[in-house]
Amino acid sequence: MGSLAAFLALLVFFAPLSFIYGRSVASRIAREASARGRSRFALGWPKLVWPVLVGAALIYRALGGRAEGATSGWATLDAALALIDFLGGAALVLFFVAVPFVLGRVFGVVAALAGYFGENAAPPLRDGNESGNGAGSSGPQPGKERFGMTARLTIAIDGPAAAGKGTLAKRLSERYALAHLDTGLLYRAVGRRAFAQGVDLDDGEAAGAVARALTPSALDDGSLRGREAGELASRVAAHPQVRAALDAFQRDFARRPGGAVLDGRDIGTVIAPDAEVKIFVTASAEVRARRRTEELSAKGRPVDYERILAEVRERDARDAGRTVAPLKPAPDAHLLDTSELDIEAAFQAACELIDRFLAGRNA
Ligand code: DC
């Protein structure tokens with residue numbers, strides 16, 4: 001009876017601290033689960049290993065621990081008991097830290113599994129106007145002073161893989177003080193997560209569910225820019241369910257006050273058909289494959305040009321041949337063939353187009 005009362009008194013004493021710690025553990029599990037597409041159970045149970053060990057050792061020590069010189073005759077058991085005894089001793093010394101650690105962790109994991117305190121989990125991609133959402137967006141806020149409060153400048157850049165549209169879009173966003181969204185990253189994140197979750201990439205419904213659950217933090221993964229993620233992206237991008245799930249976010253981004261720069265495959269045709277300037281960046285498959293090969297070789301990853309060329313052609317065929325939002329220039333897009341241009345020349349050519357548009361509007 002006495003020990004039960006002491007145990008309850010301990011619980012009450014440590015409850016506030018354990019609650020605060022447990023709540024942060026629970027929301028961290030919820031956030032990670034939603035960002036990495038893993039179950040709360042898979043992320044939660046490993047967090048119980050240390051608290052269980054420390055708790056058991058503490059109880060063992062509190063019950064008397066290991067008597068001086070006692071041996072069982074089994075070396076392994078003796079070594080384990082000595083370790084537990086030591087751990088329990090350390091936990092006793094750090095009693096005021098060890099107890100809230102054990103109670104808080106256990107409470108946090110149980111709360112996460114029960115679905116509590118998940119409110120800090122990143123929400124799915126919905127609002128493209130969120131700032132600092134990590135959605136592959138960068139650049140300053142729209143330059144209202146430059147273009148006036150009502151004058152929007154949305155620049156839609158489309159084109160096949162490795163045509164240089166990403167670099168161009170980034171530089172234009174800096175030049176015109178606009179936010180930038182690399183829409184390919186959205187599809188890359190969906191492809192990568194669907195693959196990691198064992199989803200059949202040809203199953204539109206399942207891939208669509210992955211896209212609907214996408215959170216901004218999923219886009220912060222640096223490896224998304226690699227070749228493998230590009231291939232996965234191209235496959236899931238063919239499903240209308242996936243495109244529908246990512247549509248509102250991109251449209252909202254394009255309609256930011258002041259404007260934005262977006263690059264992808266269907267920006268000028270589907271996402272922002274009313275964009276002020278549309279540029280379709282292209283280059284021959286051979287030139288793109290050569291650039292890709294040189295880029296990878298420069299990173300110390302020697303690759304076979306013929307293989308890269310085959311991949312480029314295959315991706316072009318898939319992106320341009322799909323029935324929903326295929327890669328094609330909008331009727332009013334400016335074509336920019338970079339086969340013979342380096343990035344600086346392509347940038348200058350794009351700036352000329354945009355400056356001409358701005359001069360016409362302000363005339
Ligand atoms: O631009 P990127 O290489 O990061 O794009 C990866 C794939 O994503 C691309 O092969 C097709 C798809 N994609 C798309 O279908 N629509 C977009 N707006 C952007 C990318």
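No hydrogens, no waters, no symmetry mates; every other heavy atom, side chains included, goes into these values. Each ligand, and each atom within it, is numbered from 1 in the order the structure gives. Count residues from 1 along the sequence.
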Checklist entry - In order of chain and number, which residues sit within 4.0 Å of ligand 1 by heavy atom? => result Lys165, Thr183, Gly184, Tyr187, Arg188, Ala233, Ser234, Ala237, Arg243, Gly264, Arg265, Asp266, Arg315, Asp319, Arg322
Checklist entry - From Arg171 CZ over to Gln348 CD, what is the distance, rounded to the nearest 0.5 angstrom? => result 7.5 Å
Checklist entry - Has the side chain of Asp158 got a donor or acceptor atom that lies under 3.5 Å from a matching backbone atom of Ile267? => result yes
Checklist entry - How about Arg318 and Ser234: does a side-chain donor come under 3.5 Å of a side-chain acceptor? => result yes
Checklist entry - When you look at CZ of Arg251, are more than 12 heavy atoms from neighbouring residues, nucleotides or ligands closer to it than 6.0 Å? => result yes
Listed pairs under 3.5 Å, donor-acceptor, residues 83-109 side chains, sequence neighbours left out:
residue : atom : partner : partner atom : Å
Asp85   : OD1  : Arg66   : N            : 3.2
Arg105  : NE   : Tyr21   : OH           : 3.0
Arg105  : NH1  : Lys47   : O            : 2.9

Next on the checklist: I'd like to know if the side chain of Asp266 and the backbone of Thr269 have a donor-acceptor N/O pair within less than 3.5 Å.
Outcome noted: no
